[in-house]
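The chains referred to below are lettered A, B, ... by the order of the sequence lines, with proteins before strands, and numbering in each begins at 1.
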There are 2 protein chains.
Amino acid sequence: MVMSVDTELLRVLSDPLRLRIVTLLAHETLCTTHLVAETGARQTNLSNHLRVLRDAGVVETEPCGRFTYYRLRPEVLESLSGQFAGLAATARANADAKRSC
Amino acid sequence: MVMSVDTELLRVLSDPLRLRIVTLLAHETLCTTHLVAETGARQTNLSNHLRVLRDAGVVETEPCGRFTYYRLRPEVLESLSGQFAGLAATARANADAKRSC
DNA sequence: TGAAATTATCAGTCCATGGTGATGTCAGTC
DNA sequence: GACTGACATCACCATGGACTGATAATTTCA
């Protein structure tokens, strides 16, 4: 019952554009060009964000010629889901606990 | 099956101190003084963060004399957990989908 | 009523980080 | 080999937001 949430992972996912990327990748594996077209963001900007996502283990790359495919790693999201579920369960269990002043 | 995650809520929870507060409140309802003692942060700082958490609906307040108790709302965490689980499930279902360049 | 305790508000500072342009690197094509 | 396209890297700028000090508002107690 450690019930702690991965802060760093949360920070990485809390950016709107990065979350958008993750949502897109949840539907199909894409390469940078696709993401540029889908999001309207600059290539440089996307490349920076993809690096952050990759460093955090959220995404893995698959080089294919001059293209680079990005694939989402569902385990990471599942883990996060479990962490929040655990924290919520803890809160439910301790709903009546109140420290007196 | 839109499977989008609440970005604003994520942003709110992605701050280390706020996540610490949420974790503490998952175990028992506390007032500001307790949170000051537990976290070591300044009262002003905590008050600001608690306002953010409250505005985001993560926490609710219960005034009690000159004290203010803060209670965690588990529904919010459960919702977030469900959103991530749904996104992960989508990714699992589309694991083989890859758009060609 | 005066003083102390608890919490909130406000204005200001400072820094992390998201966005950008320029440039480098590598693969494919002519 | 020259050229184009895909992607990464670097340095820079601008801004949001975390933190702080001073202060106000409210409650409790002597």
Spacing between A:L50 atom CG and D:dA6 atom C1', to the nearest angstrom: 13 Å
Touch class at under 4.0 angstrom, heavy-atom based, for B:S47 against every strand present: base
Restricting both atoms to N or O, compile the protein contacts to nucleotides 14-18 of chain C shorter than 3.5 Å, with distance only.
unit_1 : atom_1 : unit_2 : atom_2 : d
C:dT17 : OP1    : A:R11  : NH1    : 3.4
C:dG18 : OP1    : A:R18  : NH2    : 3.2
C:dG18 : OP2    : A:R18  : NH1    : 3.2

Residues, nucleotides or ligands: over 12 heavy atoms within 6.0 Å of A:R92 CZ: yes
Pairwise side-chain contact, A:R54 with A:E60, heavy-atom cut-off 4.5 Å (strictly under): no
Spatial distance of atom CG (B:L72) from atom CG (B:L30) [nearest 0.5 Å]: 10.5 Å
Any donor-acceptor N or O pair under 3.5 Å, side chains A:S81, B:S81: yes
Value in whole Å for how far the P atom of D:dA8 lies from CG of A:L46: 10 Å
For atom CZ of A:F67 and atom C1' of C:dT29, their distance in whole Å: 12 Å
Every protein N/O within reach of nucleotides 22-30 of chain D N/O, cut-off under 3.5 Å:
unit_1 : atom_1 : unit_2 : atom_2 : d
D:dA22 : N6     : B:T44  : OG1    : 3.2

Proximal nucleotide (of C:dT7, D:dC19, C:dG19) relative to the B:T33 side chain: C:dT7
OP1 or OP2 of D:dA8 under 4.0 Å from side-chain N/O of A:R51: no
N/O (side chain, A:Y69) to phosphate O (OP1/OP2, D:dA6) under 4.0 Å: no
Sugar-phosphate only, base, or nothing, as touched by B:C101 at under 4.0 Å among non-hydrogen atoms: nothing
Donor on one side chain, acceptor on other, A:H34 and B:R99, under 3.5 Å: no
Within-4.5 Å side-chain heavy-atom neighbours: A:L77 and A:V22: yes
Donor-acceptor pair between A:S79 and A:E75 side chains, under 3.5 angstrom: no
Pair A:L13-A:R18, side chain to side chain contact (heavy atoms under 4.5 Å, CB included): steps then yes or no: CA-CA 6 Å; A:L13 292 178; A:R18 280 198 290 265; 5.9 Å; no
Any donor-acceptor N/O pair, A:N94 side chain to A:T90 backbone, under 3.5 Å: yes
